[in-house]
Amino acid sequence: MTSQNDAERNLATGARRGAQVLERLRERPPAIWYRGEAVRDVSSHPAFRGGVATLASLYDVQWERPEVTLYESPSSGRKVARSFMMPRTHAQLQSISAAMRVWAQYTHGMMGRVPDYLNRALTGYAAGAPFLAEADPRFGANAVRYYEYLRENDLCLTHTLIPPQANRAVSAAKQADPFLAARIKEETEAGIVIRGCRMLATLPISDELMVFPSTLLKSPEEDAPYAFGFCIPNDTAGLKFICRESLDYGRSHFDHPLGSRYEEMDAVVVFEDVFVPWENVFLYRDIKRCNEAYARTGAVVHMTHQVVVKNIAKTEFLLGLASLMVSAIGAEVFQHIQEKLAELWINLETMKAFLRTAEADAALDEWGVMRPAWNPLDAARNLYPRLYPRMVEIIQQIGASGLVAMPTEADLKGPLAEDIKKYYQAARAEAFERIPLYRLAWDTAVSAFGSRQVLYERFFFGDPVRMAGALVAGHGAQIQEYAEKVRAFVKLGRDEALA
Ligand SMILES: Cc1cc2nc3c(=O)[nH]c(=O)nc-3n(C[C@H](O)[C@H](O)[C@H](O)COP(=O)(O)OP(=O)(O)OC[C@H]3O[C@@H](n4cnc5c(N)ncnc54)[C@H](O)[C@@H]3O)c2cc1C
C-alpha cells in the first residue's frame with residue numbers, strides 16, 4: 001500500500017518558494033479554530049495573514065542566497081534547506097549557522113518559530129535514530145524516513161510537548177480526567193489513537209505537528225499512556241488548534257510594525273481520537289527513552305544552536321533600536337543611557353561568544369554528527385530568559401512617555417497632520433521619521449505583541465526554574481570539580497590553623 005508520505009515523497013520538489021507554502025496551506029488547511037470558528041484560509045484571515053505572508057517570504061528568501069541557505073540532498077540531489085543538514089565537519093556546522101542567520105536576521109529574531117528551529121530538531125532525531133531503534137527497529141526507520149520526507153518536501157513543523165495547565169501538583173495520570181492530557185486511547189495493528197490535549201503549539205500556521213514528550217514523565221505504569229513521540233499533518237482528522245486572540249488583527253505595518261509581520265500565533269492542541277499510523281511513531285510507552293530522547297539524539301543541542309543564532313539577531317535589533325531612539329531625542333548626553341546601551345552591547349557579545357564557543361568546541365557525537373558543544377548553549381538558553389525582559393525594560397526606560405505618545409497611520413493622513421509634524425518632531429528626526437521609530441519601540445516593549453515576546457523568551461524552552469534545576473543536575477560533575485578545589489583550599493587553612 002502506498003502511504004500519503006510515500007506519495008508526497010514522489011512529488012517532492014526540494015526547497016520550496018513562498019507560493020508553494022501558500023498553496024499547500026490553502027489546499028491542506030491546518031485545523032485552526034479562531035474565536036469559535038473554523039478558519040478555512042489562514043493566508044487571507046486578518047488574524048493570520050501577516051504571519052503567513054512572512055512565513056511564505058522566508059521560503060523566497062532562501063532562494064535569494066541559495067549558496068548559503070541550501071545544499072544538495074544526499075538522497076535526491078535536489079536543493080534542500082541547509083537546516084536539514086547532518087553536519088560531519090566544523091565547516092558544515094558553521095555553514096548551517098550561517099544559513100540560520102539569514103532567516104533570524106530577516107525576522108530580527110522576532111519570529112521564534114522560523115522553520116529551521118524544528119528542522120534542526122527532526123534532523124537531530126533522525127541522526128539519533130539508532131537510539132529510537134533500540135526500542136523498536138521500526139521507530140528508528142520511521143524517524144529517518146519522516147526526516148527525509150520533511151527535507152525533500154521542505155515542510156514546516158509546529159510542535160507540542162506539555163500537558164494542559166490544570167493541576168501542576170500532580171502528573172497527567174492524576175488529573176481530574178485521565179484524558180485531559182493527550183493519552184493513548186487505543187492501539188491497533190495500523191497505529192494508535194490519541195485522545196486529550198496538549199497545552200501549546202506556536203506556529204499552527206504550518207504543515208505538520210510534532211507531538212513529542214516533555215521530560216517530566218516519572219512513573220512507568222501511570223505515565224506510559226502519555227509517553228509517545230509522533231508526527232502528523234496539521235489537517236489530520238480529529239485534530240484541532242484552538243488559537244489565542246490575535247495580537248495584531250489585520251493592522252498595518254506602520255501601526256504594528258512587528259506584530260503585523262511576525263504574529264506566529266499560539267494554540268492549544270486538541271486530539272479528538274486522532275489516528276496516528278505506526279509509520280509516523282518514533283517513541284511509544286517507554287518512559288525512560290522518552291525522557292532521554294532529546295538529549296541522547298542530540299535534538300535539543302541542534303535546536304538550541306538555532307535559538308542562539310536567533311538570540312543574536314534579536315539582540316542586534318534591540319541594540320540598533322535603542323541607539324536610534326537615544327539619538328533621536330538627544331538622550332546620549334546622559335550617563336545612565338550610555339550604561340544601558342553598554343548593557344545591550346555586552347548581552348550581544350555574550351551571545352556571540354556562546355555561539356562561537358559552541359561551534360569551535362563542537363565534536364562528533366555517537367551518531368557521527370558534528371554536535372555543537374552543549375555547555376555554552378545550555379548557559380545561553382538559561383541566561384536569555386533573564387536578559388530579554390531586562391532589555392525590553394531598557395527600551396521602556398529610554399523611551400518613557402515617547403512610547404505611548406504615538407499617533408497612528410490614520411492620524412498622519414488626517415486633518416491634524418500639520419500639528420503632528422510640529423509636535424512630534426525630535427532633536428534629530430522629523431516627526432514622520434520619529435513616529436515610525438517610536439512605534440517600533442512601542443511594538444517591542446509595550447504592545448500585546450511585545451509582551452508576548454517577553455513571555456515567549458521566558459518560557460518557550462521550558463520553565464526557567466526547572467531548566468536551572470536540570471542545569472545543576474546535568475553539570476554536577478563539573479561543579480563538583482570546583483567544589484573539590486575549594487574544599488582543598490578550606491582544608492589548607494584549617495590544617496594550618498590546627499597544626
Ligand atoms: C509564548 C509561548 C510559546 C510557547 N510555544 C510552545 C510550543 O510551540 N510548543 C510547546 O510544546 N510548548 C510551548 N510553550 C510552552 C512552554 O514549553 C511552557 O510554557 C514551559 O514548559 C512551562 O510550562 P507551563 O507554561 O505549563 O508552566 P507551568 O508548568 O504551569 O508553571 C506555572 C508556574 O508554576 C511553577 N511550577 C510548575 N510546576 C513546577 C515544578 N514541578 N517545580 C517548580 N515550579 C513549578 C513554574 O515555575 C511557573 O512559575 C510556549 C510557551 C509560551 C509562553
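Order of listing sets the numbers, starting from 1, for every ligand and every atom in it. All heavy atoms count here, side chains included; hydrogens, waters and symmetry mates do not.
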Option of least heavy-atom distance to [atom] (set: [options]):
{"atom": "atom 11 (O) of ligand 1", "options": "L455, V465, L161", "result": "L161"}
{"atom": "atom 18 (C) of ligand 1", "options": "I162, N167, T160", "result": "I162"}
{"atom": "atom 1 (C) of ligand 1", "options": "Y117, F212, Y456", "result": "Y456"}

Does the protein put a heavy atom less than 4.0 Å from atom 34 (O) of ligand 1?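 Under 4.0 Å from atom 34 (O) of ligand 1, zero protein heavy atoms found.
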
Does atom 41 (N) of ligand 1 have any protein heavy atom closer than 4.0 Å?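 For atom 41 (N) of ligand 1 the answer is yes, since some protein heavy atom falls inside 4.0 Å.
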
Atoms of ligand 1 close to [X] [distance to a heavy atom under 4.0 angstrom, numbered from 1]:
{"X": "H159", "value": "7 (C), 8 (O), 9 (N), 10 (C), 11 (O)"}
{"X": "F460", "value": "17 (O)"}
{"X": "Q165", "value": "27 (O), 28 (P), 30 (O), 32 (C)"}
{"X": "D266", "value": "3 (C)"}
{"X": "G462", "value": "20 (C), 21 (O)"}

Do S219 and D223 have a side chain donor and acceptor closer than 3.5 Å?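 Per modelled atom types, S219 and D223 side chains form no pair under 3.5 Å.
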
Does a side chain donor of either S83 or Q306 reach within less than 3.5 Å of an acceptor in the other side chain?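 Short answer, no.
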
Should the proximity of R458 to ligand 1, defined as any heavy atom under 4.0 Å, be assigned to the side chain, the backbone, both, or neither?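 No part of R458 comes within reach of ligand 1.
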
M199, portion touching ligand 1 at heavy-atom distance under 4.0 Å: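 No part of M199 comes within reach of ligand 1.
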
Distance from [atom] to nearest protein heavy atom, with residue and atom:
{"atom": "atom 12 (N) of ligand 1", "result": "L200 O, 3.9 Å"}
{"atom": "atom 3 (C) of ligand 1", "result": "T202 OG1, 3.2 Å"}
{"atom": "atom 47 (O) of ligand 1", "result": "D463 OD2, 2.7 Å"}

Closer than 3.5 angstrom, by distance alone: can the side chain of T315 be matched with the main-chain N or O of N347 as a donor-acceptor pair?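 Not at all, since once roles are kept as given, no pair shorter than 3.5 Å links the two residues.
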
List the residues meeting ring pair (Phe, Tyr, Trp, His ring centres under 6.0 Å) with F212, not counting sequence neighbours, and say none if there are none.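 Counting only residues at least two positions away or on another chain, F212 forms a ring pair (Phe, Tyr, Trp, His ring centres under 6.0 Å) with Y125, F282.
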
For the CZ atom on R168, are there more than 12 heavy atoms of other groups (residues, nucleotides or ligands in this structure) within a distance under 6.0 Å?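 Correct, the count exceeds 12.
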
Look at atom CD of E37 and say whether more than 12 heavy atoms of other residues, nucleotides or ligands are closer to it than 6.0 Å.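 No, the 6.0 Å shell around CD holds no more than 12 heavy atoms from other groups.
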
When you measure from the centre of the six-membered ring of F131, is the NZ or CZ of R289 closer than 6.0 Å and no more than 45° off the axis?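 Yes, cation above the ring, under 6.0 Å and within 45°.
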
Test side chain to side chain contact (heavy atoms under 4.5 Å, CB included) applied to D378 and T304, step by step: CA-CA 8 Å; D378 201 11; T304 315; over 6 Å; no

Pair W103 + Y59: ring centers closer than 6.0 Å: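 Close enough - the centres of the two rings lie under 6.0 Å apart.
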
Taking only Lys NZ, Arg NE, NH1 and NH2, and the carboxylate oxygens of Asp or Glu, determine whether R296 and E366 approach each other closer than 4.0 Å.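 Counted as a salt bridge, because a side-chain N and a carboxylate O are separated by less than 4.0 Å.
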
Taking both backbone and side-chain atoms of R452, is any N or O found less than 3.5 Å from an N or O belonging to ligand 1?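 R452 vs ligand 1: no N/O contact under 3.5 Å.
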
